[in-house]
There are 2 protein chains.
Amino acid sequence: MDTALLEVFVEVARRESFTAAAAPLGYTQSAISRQIAALEAAVGAMLFDRLPRGVRLTEEGRAFLGHAEAVTGRLRAAVADIRAVRTLGGGRLRLGAIPTAEMALVPKAIAAFRRAHPAVAVTHAEGLTRTLTAAVRAGDLDLAIIGTPDAAPVFDGVRLRRLMDDPLAVALPVGHRLAGRDVVRLADLAGENWIAGQARPEETLIAGVRIASERDAEGQDDRTQHTAFQPVIDFVVLEWAAKQGFVAAGLGVTIIPSLAAAAVRPDVVVVPLDPAEAAPRSVFAATPEGVADSAAAAAFLELLTAPAR
Amino acid sequence: MDTALLEVFVEVARRESFTAAAAPLGYTQSAISRQIAALEAAVGAMLFDRLPRGVRLTEEGRAFLGHAEAVTGRLRAAVADIRAVRTLGGGRLRLGAIPTAEMALVPKAIAAFRRAHPAVAVTHAEGLTRTLTAAVRAGDLDLAIIGTPDAAPVFDGVRLRRLMDDPLAVALPVGHRLAGRDVVRLADLAGENWIAGQARPEETLIAGVRIASERDAEGQDDRTQHTAFQPVIDFVVLEWAAKQGFVAAGLGVTIIPSLAAAAVRPDVVVVPLDPAEAAPRSVFAATPEGVADSAAAAAFLELLTAPAR
DNA sequence: GACTTCCATGCCGGACTAGCATGGCGGGCC
DNA sequence: GGCCCGCCATGCTAGTCCGGCATGGAAGTC
């Protein structure tokens with residue numbers, strides 16, 4: 001059923017005349033007559049009594065009128081709603097990010113986005129790069145912030161946009177012999193005790209050596225020097241806040257991405273690793289491939305890249 | 001916008017595929033493709049992302065989906081509602097009746113109607129014949145019960161169906177010298193004191209004489225005998241219940257329609273007037289002319305005529 | 001009784017629509 | 001790595017639909 005018929009019906013009901021309803025609707029009387037006839041056939045009932053001086057709603061027509069007005073109104077609301085999504089006056093944005101990005105980068109961007117577009121409902125999920133890219137590919141996320149050791153990674157069905165480098169650094173207790181250095185080389189860390197992070201290679205925080213060997217295995221170009229360096233792992237601590245506690249207590253040192261350095265506690269010192277030895281991780285925004293970014297995703301990307309520059 | 005497009009949209013959204021949605025909807029894939037394209041043009045936004053393995057709702061499409069389902073659902077409800085009105089599963093019936101009909105005839109019929117069709121909302125208004133016929137003509141009432149002294153009256157824009165005769169009778173106090181009679185002639189009432197009813201001729205309850213003279217003035221056939229009878233009016237009492245009180249107290253007698261006789265109090269006796277002297281009023285059902293009766297009005301008419309026979 | 005008003009309808013030209021066949025694109029399988 | 005398959009888009013065509021014009025029928029008005 002064409003909703004234009006409903007508009008005609010409502011107008012005719014208001015004016016109680018086919019002829020009078022024709023002009024404002026831009027039709028002739030005969031068109032109105034036929035449209036009402038078509039509508040009556042569609043709903044299976046006479047909607048108007050034809051009187052000598054016009055028409056009047058039947059009881060069936062009266063019952064239909066409220067529905068017709070509701071339907072046309074709802075359709076108008078639907079189009080307005082779509083418009084709102086396009087202009088960021090509504091809709092939602094489903095974000096995902098790796099833990100280190102959740103420390104400062106993403107929260108700041110979300111805050112700015114909320115200020116700019118308060119009507120958009122923002123949700124976010126923390127996850128690992130592989131999980132996040134899968135979610136983006138599956139359409140469960142509109143945009144994810146991921147990190148890889150690879151400077152030009154490829155994920156099926158995912159479009160990546162480089163946001164920034166995230167150089168590796170070492171976290172030391174205040175007062176450590178290397179705490180005052182501008183840069184630390186792996187050789188400097190020989191003999192240190194290590195606090196290990198998660199087991200997954202792509203998220204590993206134990207050292208550039210593992211990153212290096214992983215990248216060798218993948219046969220990719222290797223900008224990291226091979227070293228004979230073998231870390232001694234004393235503790236495996238998953239939680240970043242807990243890891244800081246172990247470092248602060250002098251139980252060992254650990255590798256952290258610079259992105260997380262801003263959120264470090266005062267009794268821990270962060271010193272960059274020599275980039276020539278430990279290639280920086282790259283941070284990307286991931287969106288579904290072959291699909292236009294939603295208006296909200298595009299706006300969020302804009303906010304992400306602006307401060308990142 | 002054709003709501004068929006919305007059905008297609010919902011089905012495609014559910015199946016995430018144009019091809020898969022085509023068969024259950026009875027279309028080919030190309031028709032679906034074009035219909036979605038038309039819908040997207042109508043709402044001014046892409047509703048689906050086209051992927052290699054099918055399609056997926058965009059954010060705009062997701063915003064639209066709820067509306068589309070609501071609209072199609074509401075339309076289904078609208079058609080069901082109309083069907084309900086036709087089958088007396090809903091809708092309303094606006095009745096009107098003259099006071100004497102409201103005493104027994106109409107309440108009984110309404111009660112029976114309610115039992116048979118509880119979903120129909122029945123309203124009723126009491127009024128005089130002229131008011132009621134005007135309301136029927138204006139479409140404010142679906143059906144009215146009216147009474148006239150004329151056996152074949154004509155009202156513009158109103159269709160009448162005869163329900164019954166309503167012979168006149170005289171109300172007497174218990175113990176009155178005429179209380180035991182089967183029928184009373186006007187001559188028998190000479191010398192009685194009279195309780196007058198309303199002033200309007202068509203509703204007059206003062207006597208057959210006035211009815212007779214009125215009908216003479218209209219030049220219609222006169223089945224009522226001319227008499228020299230002149231009533232002596234002692235009291236003018238509008239309210240029927242009060243009038244009964246005056247009669248019961250022996251303050252006078254009054255004319256009442258037989259329709260009202262059933263509702264008389266025990267200390268009042270009703271005796272029919274000789275129909276040859278006082279022509280019965282006729283009771284009609286009035287419906288709008290040139291218009292099919294609503295299902296509810298037709299059903300009510302059926303109830304009215306069945307017990308009236 | 002002629003005129004006016006209002007809705008219904010036969011006819012026709014233009015627009016729309018669905019189906020068919022085909023093309024382009026990408027994924028999956030051998 | 002090449003071939004095949006699945007999916008959506010589109011040019012083309014026949015059938016349908018739809019609106020306007022002109023007219024007819026019914027009823028009210030002067």
Side-chain angles (χ1 to χ4, degrees), chain A residues 1-9 11-42 46-58 61 134 137-139 154-159 288-292, chain B residues 1-9 11-42 46-58 61 134 137-139 154-159 288-292:
Chain A
M1 177 190 313
D2 196 324
T3 56
L5 297 184
L6 301 182
E7 312 267 8
V8 169
F9 170 73
E11 186 69 21
V12 169
R14 189 191 334 272
R15 299 183 180 264
E16 298 197 326
S17 159
F18 288 8
T19 306
L25 291 169
Y27 289 113
T28 60
Q29 172 267 323
S30 83
I32 303 291
S33 176
R34 274 191 240 264
Q35 292 200 34
I36 295 297
L39 183 60
E40 288 176 329
M46 282 283 192
L47 298 173
F48 293 101
D49 285 321
R50 273 67 166 180
L51 309 176
R53 310 283 301 165
V55 297
R56 191 193 296 143
L57 281 174
T58 60
R137 179 170 46 246
V154 173
F155 293 97
D156 260 15
V158 173
R159 176 181 179 195
E289 194 177 45
V291 155
Chain B
M1 178 190 312
D2 196 325
T3 55
L5 297 184
L6 301 182
E7 311 268 7
V8 169
F9 170 72
E11 186 69 21
V12 169
R14 189 191 334 273
R15 299 183 180 264
E16 299 197 324
S17 159
F18 287 8
T19 305
L25 291 169
Y27 289 113
T28 60
Q29 172 268 324
S30 83
I32 303 291
S33 175
R34 274 190 239 266
Q35 292 200 33
I36 295 297
L39 183 61
E40 288 176 330
M46 281 284 193
L47 297 173
F48 292 102
D49 285 322
R50 274 69 166 177
L51 309 176
R53 309 283 300 166
V55 298
R56 191 192 297 144
L57 282 173
T58 61
R137 180 170 45 248
V154 173
F155 292 98
D156 260 16
V158 172
R159 176 182 180 193
E289 194 177 46
V291 154

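Keep in mind that the numbers below use all heavy atoms, side chains included, and drop hydrogens, waters and symmetry copies.
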note: Asp49(B), atom CG; dC7(D), atom C1'; distance rounded to Å ~ 15 Å

Heavy-atom nearest nucleotide on DNA chain D taken for Leu5(A) and for Glu289(B); more 5' hit belongs to Leu5(A)

Students should find that the nucleotides of DNA chain C closing off the region near chain B, any atom under 4.0 angstrom from a heavy atom, are dA18(C) to dG27(C)

Between Ala42(A) and Met1(A), the two heavy atoms sitting closest are CB-CE, 4.2 Å

Correct closest heavy-atom pair for Ala38(B) and Leu5(B) would be CB-CD1, 4.5 Å

Q | Ile32(A) vs Thr19(A) side-chain heavy atoms within contact, under 4.5 Å | A | no

Nearest heavy-atom contact between Glu11(A) and Pro24(A) is OE2-CG, 4.0 Å

Residues Phe9(B) and Ile36(B): closest non-hydrogen pair is CA-CD1, 4.0 Å

Considering only distance and modelled atom types, tabulate donor-acceptor pairs under 3.5 Å from the side chains of residues 48-56 of chain B, sequence neighbours left out.
residue, atom, partner, partner atom, Å
Arg50(B), NH1, Glu40(B), OE1, 3.4
Arg50(B), NH1, Glu40(B), OE2, 2.8
Arg50(B), NH1, Phe48(B), O, 2.9
Arg50(B), NH2, Glu40(B), OE1, 3.1
Arg56(B), NH2, Arg137(A), O, 3.0

Sorted by number, residues from residues 28-41 of chain B placing a heavy atom under 4.0 Å from DNA chain C are Thr28(B), Ser30(B), Ala31(B), Arg34(B), Gln35(B)

Check your understanding: Just by distance, do the side chain of Thr58(A) and the backbone of Leu47(A) share a donor-acceptor pair under 3.5 Å?
Key -> yes

Checklist entry - Which part of the nucleic acid, if any, lies within reach of Gly26(A) when heavy atoms closer than 4.0 Å are counted: base, sugar-phosphate only, or nothing? => result sugar-phosphate

